[in-house]
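Predicted, not measured: the structure shown is a model, and the values here were computed from it. The first residue in the sequence is number 1, and the count goes up from there.
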Amino acid sequence: MVNDIARLVATLGLVEFMNKARHYPQWDEDHPIHFVGHSAGAQVVRVLQQMLADKAFEGYENTSENWVLSITALSGAFNGTTRTYLDGMLPEDGQNMKPLCLLQLCRLGVIIYDWLDIPLLKAYYNFGFDHFNLSWRKAGLWGLVDCLLGNAGPWATGDWILPDLTIQGSIKLNSNLQTFPNSFYFSYATKRTRKILGVTVPSGILGIHPMLFMRVLQMSLYRYPTDVPPPYKGYRDEDWQDNDGALNTISMTHPRLPIEHPSCSIVNDSDCQPLQPGIWYYKIVEADHIFFILNRERAGVQFDLMYDNIFERCRKHIFRKTSQTLPNEAP
């Protein structure tokens, strides 16, 4: 298990996260933490919890899955997205890119951006590839050529995010990740589509961010190629048409592939009280992929209500049940 996800560690920054955790020395099974993750961040937290269970962090031999009290996913990328194929991932294997595609242009842009290593730009945004030494100071001109040709850097090793966001890649990742019986799990799945005369289309124009409107339309019309094997047995295009412009709604509710984890669909939070650990409680929300993270002004009161609900739930309704030992009983 540890070997299967070791290549994710550098990209996801989990080792760095654990090092920073030293600033909270109380963190342990008796002082567990609530995590909230957006998009691929939801899978990052799942990987973290699994690595805690597997005691995979050097210097932290006493970790366990119970260090995580709850995980809340906002538009969580649990089962992959068909958008990866639209952008250029090969549907045949879900691991490699087409020779000419949007992702190839993005790859070239990121390599040049990191190679130039302009401090002002890197301070504004860092793609997280510093450990590959792509800077001109370390790689030199021939290092740049090697990266552009795909012989070096993250694209040569598979150590980047898109292979894990294809349906096939998510299935491989999920096959090593558990839903643990003592942790609580919540998911807000988003969608900006509706059906008109049996056809899935964007649910409007004003409610979808301009960056995502065409993406919502593309994903709702996407059909998996018939000349290649489907990503899993039982795949149906119609199940994957509802989306939020980045992820398919079916992917965001809870881990479904390769096996379905325990789940419960809710409309009102009061419907599932008292909460039970080991179950993914999910709610489908009318929103695009960046509705709750881009800015508060755009989401308005719905933004406040959702985050207030998350914080209240973590404070008042989630606690680890432990059996009490009476004075006259042996521990």
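Distance check: Leu103 CG to Asp87 CG gives 5.0 Å after rounding to the nearest 0.5 Å. How far NZ of Lys195 is from CD of Gln241: 5.0 Å, rounded to the nearest 0.5 Å. Separating the OG1 atom in Thr249 from the CG atom in Asp242 is a distance of 5.0 Å, to the nearest 0.5 Å. Taken from OH in Tyr188 to CZ in Phe291, the straight-line distance is 14.0 Å, to the nearest 0.5 Å. From Trp27, atom CH2 reaches atom OH of Tyr60 across 8.5 Å, with rounding to the nearest 0.5 Å. If you take CH2 on Trp280 and CZ on Phe186, they are separated by 10.0 Å, rounding to the nearest 0.5 Å.
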Take Tyr124 and Ile118, measure what side-chain contact (heavy atoms from CB on, under 4.5 Å) needs, and give me the verdict at the end.
CA-CA 10 Å; Tyr124 176 75; Ile118 300 173; over 6 Å; no

- So His261 and Ile259, side-chain contact (heavy atoms from CB on, under 4.5 Å) or not? Walk me through it. CA-CA 6 Å; His261 292 220; Ile259 60 171; 4.2 Å; yes

Set out, in order, the CA-CA distance, both residues' side-chain angles and the distance that settles side-chain contact (heavy atoms from CB on, under 4.5 Å) for Trp240 and Asn79, then state yes or no. CA-CA 11 Å; Trp240 291 78; Asn79 304 286; 4.2 Å; yes

Practice prompt. For the pair Phe57 and Leu52, evaluate side-chain contact (heavy atoms from CB on, under 4.5 Å) and give the outcome as yes or no after the intermediate values.
Written response: CA-CA 7 Å; Phe57 294 101; Leu52 290 171; 4.2 Å; yes

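A distance-only check finds a donor-acceptor pair linking the side chain of Lys55 to the backbone of Thr63 [under 3.5 Å]. Panel note: side chain Asp288, backbone Gly245; no donor-acceptor pair is recorded below 3.5 Å. Although no hydrogens or angles enter the test, the distance criterion places a donor-acceptor pair under 3.5 Å between the side chain of Gln43 and the main chain of Phe78. Between the side chain of Asp28 and the main chain of Asp30, a donor-acceptor pair closer than 3.5 Å is present. Side chain of Thr81 to main chain of Ala246: a donor-acceptor pair is present (N/O by atom type, distance under 3.5 Å, no hydrogens or angles). The backbone N or O of Ile167 lies less than 3.5 Å from no partner atom in the side chain of Tyr232, so there is not a single donor-acceptor pair. Arg313 places no side-chain N or O within donor-acceptor distance of the main-chain N or O of Ile318, the cut-off being under 3.5 Å. Distance alone, capped at 3.5 Å, is enough to place a donor-acceptor pair between the Arg107 side chain and the Leu148 backbone. With Asn248 contributing its side chain and Ser251 its backbone, the two residues share no donor-acceptor pair below 3.5 Å. A donor-acceptor pair under 3.5 Å is formed between the side chain of Trp115 and the backbone N or O of Gly140.
Taking the side chain to side chain donor-acceptor pair (under 3.5 Å) definition, one finds that Asn151 meets it with nothing, sequence neighbours left out. Shown here are the side chain to side chain donor-acceptor pair (under 3.5 Å) partners of Glu61, two or more places apart in sequence or in another chain: there are none. Tyr222 is linked by a ring pair (Phe, Tyr, Trp, His ring centres under 6.0 Å) to nothing, counting only residues two or more places apart in sequence or in another chain.
A perpendicular orientation is assigned to the rings of Tyr85 and Tyr224, their planes being inclined by more than 60° (bins at 30° and 60°).
Environment of CG in Leu100: sparse, with no more than 12 heavy atoms of neighbouring residues, nucleotides or ligands closer than 6.0 Å. At most 12 non-hydrogen atoms from other residues, nucleotides or ligands lie less than 6.0 angstrom from NZ of Lys138.
Hydrophobic clustering (side-chain heavy atoms under 4.5 Å, transitive across Ile, Leu, Val, Met, Phe, Trp, Tyr) groups Ile250 together with Tyr235. Hydrophobic clustering (side-chain heavy atoms under 4.5 Å, transitive across Ile, Leu, Val, Met, Phe, Trp, Tyr) groups Leu108 together with Leu134. There is a path of hydrophobic side-chain contacts, each under 4.5 Å, that joins Tyr125 to Val110. Ile279 and Ile284 sit in two unconnected hydrophobic clusters of ILVMFWY residues. Membership requires side-chain heavy atoms under 4.5 Å apart, directly or through other members. Linking Ile, Leu, Val, Met, Phe, Trp and Tyr whenever their side-chain heavy atoms come within less than 4.5 Å puts Val216 and Ile205 in one cluster.
Using a 4.5 Å heavy-atom threshold, the side chains of Met306 and Asn309 count as separate. In this structure, the side chains of Pro262 and Gln276 stay at 4.5 Å or more apart for every pair of heavy atoms. Using a 4.5 Å heavy-atom threshold, the side chains of Met97 and Met89 count as touching. In this structure the side chain of Thr190 reaches within 4.5 angstrom of the side chain of Met252, judged on heavy atoms. Side-chain contact between Gln50 and Gln178: present, with at least one pair of heavy atoms (C-beta onward) separated by less than 4.5 Å. Between Leu177 and Asn174 the shortest side-chain heavy-atom distance falls below 4.5 Å. You'll find the side chain of Ser220 reaches within 4.5 Å of the side chain of Leu217, heavy atoms only. Inter-residue side-chain proximity for Phe184 and Thr72 is flagged as unmet; no heavy-atom pair is nearer than 4.5 Å.
Heavy-atom minimum distance, Ser203 versus Glu286: OG-OE1, 4.2 Å. When all heavy atoms of Asp244 and Leu247 are compared, the closest pair comes out as OD1-N, 2.8 Å. Across Ser135 and Asp117, no two heavy atoms sit closer than the pair OG-OD2, 2.9 Å. Summarising the geometry of Gly76 relative to Ala42, their closest heavy-atom pair is CA-CB, 3.7 Å, with the distance given to 0.1 Å. Closest approach of Pro225 and Pro91 over heavy atoms only: CG-CG, 3.7 Å. Scanning all heavy atoms of the two residues, the minimum distance from Arg192 to Gly207 falls at NE-O, 3.2 Å.
Between Trp155 and Phe129, the ring center distance clears the sub-6.0 Å criterion. For His38 and His289, the ring centers are positioned less than 6.0 Å apart.
A salt bridge links Asp130 with Lys122; the closest basic N to acidic carboxylate O contact falls under 4.0 Å.
Checking Asn66, Val68, Val44 one by one against Gln49, the side chain to side chain contact (heavy atoms under 4.5 Å, CB included) holds for a single residue, Val68.
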